[in-house]
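Everything on this sheet refers to the single structure shown next.
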Protein chains: 2
Amino acid sequence: MGIADRKEREKLEMKRLIMEASMRMFLEVGYEKTSIRNIAEKIEYSPATIYLYYKDKDELLYDLQAQAFEQLFETFKEKATGRSPMKKLEQIAKAYVQFGLEKPDLYDLMFIIRSPMKKLEKEDGTDAWDNGDNCFNFLLDIIQQGIDQKLLRFKDKLVAALSIWSMVHGLVSLHVRCRMKVMNMEEDGVINAIDTTIDEYLKMIKI
Amino acid sequence: MGIADRKEREKLEMKRLIMEASMRMFLEVGYEKTSIRNIAEKIEYSPATIYLYYKDKDELLYDLQAQAFEQLFETFKEKATGRSPMKKLEQIAKAYVQFGLEKPDLYDLMFIIRSPMKKLEKEDGTDAWDNGDNCFNFLLDIIQQGIDQKLLRFKDKLVAALSIWSMVHGLVSLHVRCRMKVMNMEEDGVINAIDTTIDEYLKMIKI
DNA sequence: AAACTTAATGAACAGTGTTCAGTAATCCAA
DNA sequence: TTGGATTACTGAACACTGTTCATTAAGTTT
């Protein structure tokens with residue numbers, strides 16, 4: 001049926017339109033001001049229309065999150081050019097932090113905000129969170145190489161991933177949420193301290 | 001003037017009443033359901049009344065945050081009983097993580113949520129964030145001892161603090177925000193991995 | 001052309017933080 | 001003790017938010 005096909009295409013086209021407007025809004029005015037009503041106004045549809053394509057706002061944000069992870073994944077592939085696993089690790093660690101600091105609102109969506117994870121909070125097990133898979137597996141792969149080549153202190157792959165991820169996420173999220181104010185430093189000093197902290201950490205996890 | 005004094009006392013008493021209701025509400029039903037209206041209903045006053053004692057919700061949350069940090073500070077002092085700085089470091093690191101996992105809503109307020117830090121986002125410099133001072137200085141003190149006694153790898157006190165803090169905050173915040181779902185483990189396994197990660201990290205920062 | 005199906009919406013609901021005019025209670029001087 | 005000033009409090013409103021649903025408009029099928 002050609003008509004059904006066209007309808008299908010139109011449906012996808014509409015979703016794309018919504019996603020595009022949401023992403024632009026996210027990057028331009030931030031998460032807090034990206035409301036269903038604002039998105040609807042941007043694409044010149046009624047707010048109710050959005051609910052014909054997304055069950056609720058969380059579902060929309062979930063899709064948006066997937067796109068954000070796609071962006072991060074691309075960045076990873078771009079930056080991880082080094083030969084040794086340790087070099088690659090350094091490159092993606094720094095890429096991660098840079099991404100977080102440059103696109104704080106996307107970072108929010110991916111790693112901080114409650115929103116698109118609400119269904120997953122009560123581990124019902126039916127469906128897991130798979131948005132971050134790309135990026136996480138990319139990290140795991142490099143770690144595996146590091147362990148295989150006996151360059152990494154860690155024995156357990158997952159513990160290694162958790163350690164590295166927690167460190168960089170800790171740095172980014174404390175910074176974007178202004179908690180580093182407690183250190184009473186100027187902005188430059190803080191950025192410097194973050195860089196040094198990463199370097200020190202990367203030195204420590206080497207054998 | 002005795003009357004002015006009494007008025008002052010009554011004003012403070014009212015603030016205390018509001019804070020108590022807010023804290024109870026925070027712990028019982030969480031941040032998301034702690035609205036000005038709900039608090040007002042709990043203390044049997046009009047919502048508008050709260051605005052006679054707090055300029056806005058952020059100011060209220062700021063006070064609440066201060067109380068939360070007081071709680072964490074007490075926990076630190078309680079748990080840091082070890083003799084060596086490294087033992088104390090381990091004790092407060094684990095106390096921090098335990099606090100975060102047991103009281104996720106308070107942890108939110110202290111380290112994750114944007115809310116009470118909004119004024120500080122555009123570093124106007126007029127007033128800094130001093131709620132976390134107690135806890136941060138407690139950490140700095142132990143680190144200083146560790147460096148003095150040449151037990152810690154770090155040279156810079158602040159870098160050390162940032163590294164340790166970022167690690168534990170990373171672990172807690174990724175967990176309370178369900179991002180560890182990406183690892184596809186059961187809850188027990190995750191908690192286990194967190195513990196191991198802390199242990200591994202503490203080993204690494206020792207000389 | 002009539003009947004059926006689908007897409008879109010206006011209006012409403014329940015919730016949020018916040019403001020402000022107006023009321024009620026208290027205090028102080030005459 | 002009474003009248004006027006001060007203070008404490010609140011109801012109602014405003015401008016938002018996400019979400020639902022009956023109704024309208026458009027497109028498709030018979």
Side-chain angles (χ1 to χ4, degrees), chain A residues 1-19 21-22 25-26 29-65 105 108-109 113-119, chain B residues 1-19 21-22 25-26 29-65 105 108-109 113-119:
Chain A
M1 289 294 281
I3 289 174
D5 285 0
R6 199 204 65 208
K7 288 263 162 115
E8 191 66 26
R9 278 204 315 276
E10 281 177 357
K11 194 133 194 161
L12 284 176
E13 182 58 25
M14 189 64 168
K15 273 202 162 191
R16 208 187 53 83
L17 188 67
I18 296 172
M19 286 306 300
S22 307
M25 203 154 239
F26 234 82
V29 301
Y31 161 69
E32 308 237 311
K33 284 177 182 169
T34 306
S35 66
I36 296 286
R37 279 178 165 85
N38 285 347
I39 296 168
E41 197 179 358
K42 204 84 159 188
I43 61 175
E44 294 176 299
Y45 277 90
S46 150
T49 304
I50 292 179
Y51 286 87
L52 299 176
Y53 300 91
Y54 289 98
K55 168 173 145 281
D56 53 24
K57 198 186 178 184
D58 268 27
E59 204 174 285
L60 193 158
L61 290 180
Y62 195 85
D63 264 23
L64 209 59
Q65 194 192 49
D105 284 284
D108 252 35
L109 188 60
I113 281 173
R114 269 221 165 75
S115 260
M117 321 288 293
K118 273 179 185 158
K119 304 151 209 161
Chain B
M1 288 297 281
I3 289 173
D5 284 0
R6 200 205 64 208
K7 289 264 162 110
E8 191 65 24
R9 277 203 315 276
E10 281 176 358
K11 194 130 194 165
L12 285 176
E13 180 59 24
M14 188 66 167
K15 274 202 162 190
R16 207 186 54 82
L17 188 68
I18 296 171
M19 287 305 302
S22 308
M25 203 154 240
F26 233 82
V29 301
Y31 162 68
E32 309 236 311
K33 285 177 181 168
T34 305
S35 67
I36 296 285
R37 279 177 164 86
N38 284 347
I39 297 168
E41 197 179 359
K42 204 84 159 186
I43 60 175
E44 294 177 298
Y45 277 89
S46 151
T49 303
I50 290 178
Y51 286 86
L52 300 176
Y53 299 91
Y54 288 98
K55 168 173 146 281
D56 54 24
K57 198 186 180 185
D58 268 26
E59 205 175 284
L60 193 157
L61 290 179
Y62 196 86
D63 263 24
L64 209 59
Q65 194 192 50
D105 284 284
D108 251 36
L109 187 61
I113 282 173
R114 270 220 165 77
S115 260
M117 323 286 294
K118 273 179 185 158
K119 304 151 210 163

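Letters A, B, ... mirror the listed sequences (proteins, then strands); counts begin at 1.
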Measuring from the side chain of [X] (C-beta onward, heavy atoms only), which nucleotide among [options] has the closest atom?
X	options	result
A/I36	D/dT20, D/dT19, C/dT18	D/dT19
A/Y51	D/dT10, C/dA7, D/dT19	D/dT19
B/P47	D/dG18, D/dT10, C/dT18	C/dT18

Nearest whole angstrom, please: distance from the [atom2] of [N] to the [atom1] of [X].
X	N	atom1	atom2	result
B/L17	D/dA8	CG	C1'	15 Å
B/K55	C/dG17	NZ	C1'	13 Å
B/I50	C/dT19	CD1	P	13 Å
A/Y45	D/dA25	OH	P	17 Å
A/L52	C/dG10	CG	C1'	14 Å
B/Y54	C/dT19	OH	P	17 Å
A/E32	C/dT16	CD	P	17 Å
A/D58	D/dT17	CG	C1'	14 Å

With a 4.0 Å cut-off on heavy atoms, is B/Y53 in touch with a base, just the backbone sugar-phosphate, or nothing at all?
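The residue B/Y53 makes sugar-phosphate contact but no base contact.
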Tabulated below should be each protein N or O lying under 3.5 Å from an N or O of nucleotides 12-15 of chain C; please produce it.
{"unit_1": "C/dA12", "atom_1": "N6", "unit_2": "A/R37", "atom_2": "NH2", "d": "3.4"}

Should we count CD of A/E59 as having more than 12 external heavy atoms under 6.0 Å?
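Counting neighbours around CD of A/E59, more than 12 heavy atoms of other residues, nucleotides or ligands fall under 6.0 Å, so yes.
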Apply side-chain contact (heavy atoms from CB on, under 4.5 Å) to residues A/F26 and A/D108 and explain how you reach the verdict.
CA-CA 10 Å; A/F26 234 82; A/D108 252 35; 5.6 Å; no
Just verifying a value: how many Å separate [X] [atom1] and [Y] [atom2], rounded to the nearest 0.5 Å?
X	Y	atom1	atom2	answer
B/I39	B/M25	CD1	CE	6.5 Å
A/K11	A/L52	NZ	CG	7.0 Å
B/I36	B/Y54	CD1	OH	10.0 Å
A/R37	A/S46	CZ	OG	9.0 Å
B/T49	B/L17	OG1	CG	11.0 Å
A/Y53	A/R16	OH	CZ	13.5 Å

Taking the side chain as every heavy atom from C-beta outward, state whether B/Q65 and B/I113 have any pair of such atoms under 4.5 Å apart.
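Not touching, per the 4.5 Å side-chain cut-off.
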Let me test you: for the helix from C/dA1-D/dT30 to C/dA30-D/dT1, what is the angle between the axes at its two ends (five pairs each), rounded to 10 degrees?
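Comparing the first five pairs with the last five, the axes sit 20° apart.
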Would you say C/dT9 has OP1 or OP2 under 4.0 Å from some side-chain N or O of A/T49?
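Answer is yes, contact under 4.0 Å.
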